[in-house]
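Report on one structure; see the data block that follows.
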Amino acid sequence: MTVSRSRLLATLCLLCTLPFTVNAEQSALPTNAEGTLANDTRGPMARTLLDLNTRSKEPVPADLQRLYALANFEPIWTDDSNLNRHGSSLVALLSGARADGLQPQDYGSDELAALKRGFESSARQQNDIDLSVAALRYASDLTYGRLQPDDFDLPGYDRRQMDLPLEIHNRLEANAVQTIRELAPPHRGYAVLREGLHRYQAIEDEGGWPRVEDGPTLRLCDVDAAQRITSLRRRLAIQGYEAGGRADDSAECSDVEAARPSGPSETTRARPQRAVFDAALSSALREFQSDHGIEADGILGPASLAELNRGVAERIQQIEISMDRWRWLPRDLGETYVRVNIPAYELDYVVDGKVREQIEVVVGKPNSPTPLFQDEIEHVVFNPYWNVPRSIATNEILPKLKNDPTYLDRKNMELVVDGETVEPPLDWSKVSRSDFEYRIRQRPGRRNALGRVKLLFPNKYAVYLHDTNHPSAFERTDRALSHGCVRVGEPFALADRIAADELAERGLEVDEVLAGGERHWIRLDEPVPVYLTYATARVTPQRRIEFHQDLYGLDEEMSLKLEQRKPRRFALASIPAG
């Protein structure tokens, strides 16, 4: 069988982006004694694959080989000149990819749907391969994400390997192609985002939401143009923030003159209508602000107006990207685990799939970001030392010591060399950053930068969860303030839950441990998984979607990389017109 050059190039372009989840030595194409691909074949399908392999600079991906080996090198999706039931089911599945935040055109859904009209039997093998490529890519995107952590230099994520060809084959055997969608993450956080995505797609399909006109800042009982007040009320309602309909909505502002026309005169008819920014509207705006990382004051100012006027397409993209990052996580997160969502400044302590504690946190500043990775909490330390990172010691503390030699004493700090405390030098002016031979640590106590407890998961970033001696930071809406570690708003409650068994074995309680002032280092019998994640879209308990600022620009970077992915186009041949 021969394949046209244009058709061949189109297929090879698609093949080069397939996942490699099966080792190369597991190649299923027939080989000769030297281990190279043989020219003797098992039928037209194997000959087509061999032809592709011969003409390509890259070998046919092992996943594609394996899928056909499982099918004994028979066509999977096609009969002689039509789609079979598996092919029809696959085309329907790909057409609905938008429901999971994927783009049907990435899988050639329109082109593949054209096969329903039939095709020439000479093109059967090539069309079948196109369908297999689409199925494998869809399964990979749904399982692992459209982009991978490696695309963003995030080595802290463990890539989960699944035998996608076997998963697809098993569903073919069970005549259940549509269940390929079950390869999506099984987590509730993903499922509720998927539901939310449907709502926002429906809003987009219906024309989006109205823009709120520019104008003055509005506080409770202020009066403004009726059109602007109406636009604001409609805008909030579309997103689920009801702001009217009760008899007492304007009771608090009942003495405010809205300056509405009161008679038929030409003067009053020409006067623009006015409306009151009432209590119900202010309350709805406050809920919106809370869900969008804005100070929840119920005042329509520039920041709130900017968030209100972000388009629904931008919100959909945030949801889709957040769904992709769920795909980076293990399918089994553990019965008990800690998940930090950096843009939301929140930590979830999860037991049996349910959030038991939701705690505010402080995360790294944009120039010292909290890294994204997964690990296990192995130790809980009460009354800890703070071992100052060398970068902070030399860049921040050393210059202060040159101006104030008493700085270490005032901050309850000491110098350590080879594990032993030493006296500071007499003249700090002679010490440079390059020959700074000390380690600085802060002694336990209320002034310790880590507070009274830290939760350790050894990692190359030297990042962990800890208390703080600056609790006022939790009064702020923007809490990107640290050098990268995560400060926990309720650290003692979290430590008590995580180390409950170990504390009980020692006959200790958190309060008495803290009061004693001595350092207690507790090793957990069962380490607790911890996931430092980044999702700018998340569903609230009220089933609304929170949208947070792209704190580190990671959504923007991901969006650009998605746009730069190679075009995925199918060039089907020999399809009858009509």
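Residue numbers start at 1 and run along the sequence shown. Note that the structure is a prediction, hence the values are computed from the model and not measured. Hydrogens, waters and symmetry mates play no part in the numbers below; they use all other heavy atoms, side chains included.
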Quiz item: By ring pair (Phe, Tyr, Trp, His ring centres under 6.0 Å), which residues pair with Y345, not counting sequence neighbours?
Solution: none
Self-check item: Minimum side-chain heavy-atom gap Q289-L285 below 4.5 Å
Solution: yes
Quiz item: Do D106 and R137 sit within salt-bridge range, that is, some charged N less than 4.0 Å from a carboxylate O?
Solution: no
Quiz item: Q318 versus D555: any side-chain heavy-atom pair under 4.5 Å?
Solution: yes
Side-chain polar contacts of residues 165-174 - donor-acceptor pairs under 3.5 angstrom, sequence neighbours left out - could you list them?
from: E167; atom 1: OE1; to: R171; atom 2: NH1; distance (Å): 2.7
from: N170; atom 1: ND2; to: L166; atom 2: O; distance (Å): 3.4
from: R171; atom 1: NE; to: T179; atom 2: O; distance (Å): 2.9
from: R171; atom 1: NE; to: T179; atom 2: OG1; distance (Å): 3.2
from: R171; atom 1: NH1; to: E167; atom 2: O; distance (Å): 3.3

Practice problem: Could you list the residues that satisfy salt bridge (Lys or Arg N to Asp or Glu O under 4.0 Å) with E307, not counting sequence neighbours? | Solution: R310, R315
Practice problem: For N84 and I76, work out which heavy atoms get closest and say how close. | Solution: ND2-O, 2.9 Å
Exercise. With the side chain counted from C-beta on, respond yes when Y461 and D375 share a heavy-atom pair under 4.5 Å apart, and no when they do not.
Key: no
Practice problem: Check salt bridge (Lys or Arg N to Asp or Glu O under 4.0 Å) between E287 and all other residues, then give those that pass, not counting sequence neighbours. | Solution: R544
Exercise. Name all residues meeting the side-chain hydrogen bond (donor to acceptor under 3.5 Å, both in side chains) criterion together with R497; count only those two or more places apart in sequence or in a different chain, and write none if there are none.
Key: E357
Quiz item: Is any side-chain heavy atom of P330 less than 4.5 Å from a side-chain heavy atom of Q374?
Solution: yes
Exercise. Measure centre to centre between the rings of Y534 and F152, then say whether the value is under 6.0 Å.
Key: no
Self-check item: All side-chain hydrogen bond (donor to acceptor under 3.5 Å, both in side chains) counterparts of R543, not counting sequence neighbours
Solution: E195
Exercise. Look at atom CZ of R211 and say whether more than 12 heavy atoms of other residues, nucleotides or ligands are closer to it than 6.0 Å.
Key: yes
Quiz prompt | Residue list, ring pair (Phe, Tyr, Trp, His ring centres under 6.0 Å) with Y138, at least two apart or on another chain | solution = Y107
Exercise. Quickly, which of V361, V362, I342 forms a side-chain contact (heavy atoms from CB on, under 4.5 Å) with T370? Name it, please.
Key: I342
Quiz item: Are any of the side-chain heavy atoms of P104 and S95 separated by less than 4.5 Å?
Solution: no
Quiz item: Are any non-hydrogen side-chain atoms of I129 and L64 less than 4.5 angstrom apart?
Solution: yes
Practice problem: Please list all pairs passing the ring-ring contact (aromatic ring centres under 6.0 Å, His included) test where one or both residues lie in residues 171-190, with sequence neighbours left out. | Solution: H187-W326
Quiz item: side-chain contact (heavy atoms from CB on, under 4.5 Å) with R85: which residues, sequence neighbours excluded?
Solution: N175
Quiz item: Hey, does L465 have a side-chain heavy atom less than 4.5 Å from the side chain of F457?
Solution: yes
Quiz item: Is any side-chain heavy atom of F73 less than 4.5 Å from a side-chain heavy atom of L49?
Solution: yes
Exercise. Please identify each residue that fulfils side-chain hydrogen bond (donor to acceptor under 3.5 Å, both in side chains) with D324, with sequence neighbours left out.
Key: R146, R327
Quiz item: Do any pairs count as a salt bridge (charged side-chain N to carboxylate O under 4.0 Å, His left out) and have a residue in residues 341-354, sequence neighbours left out, and if so which ones?
Solution: E346-R538
Quiz item: Mind checking what makes side-chain hydrogen bond (donor to acceptor under 3.5 Å, both in side chains) contact with H548, not counting sequence neighbours?
Solution: E546
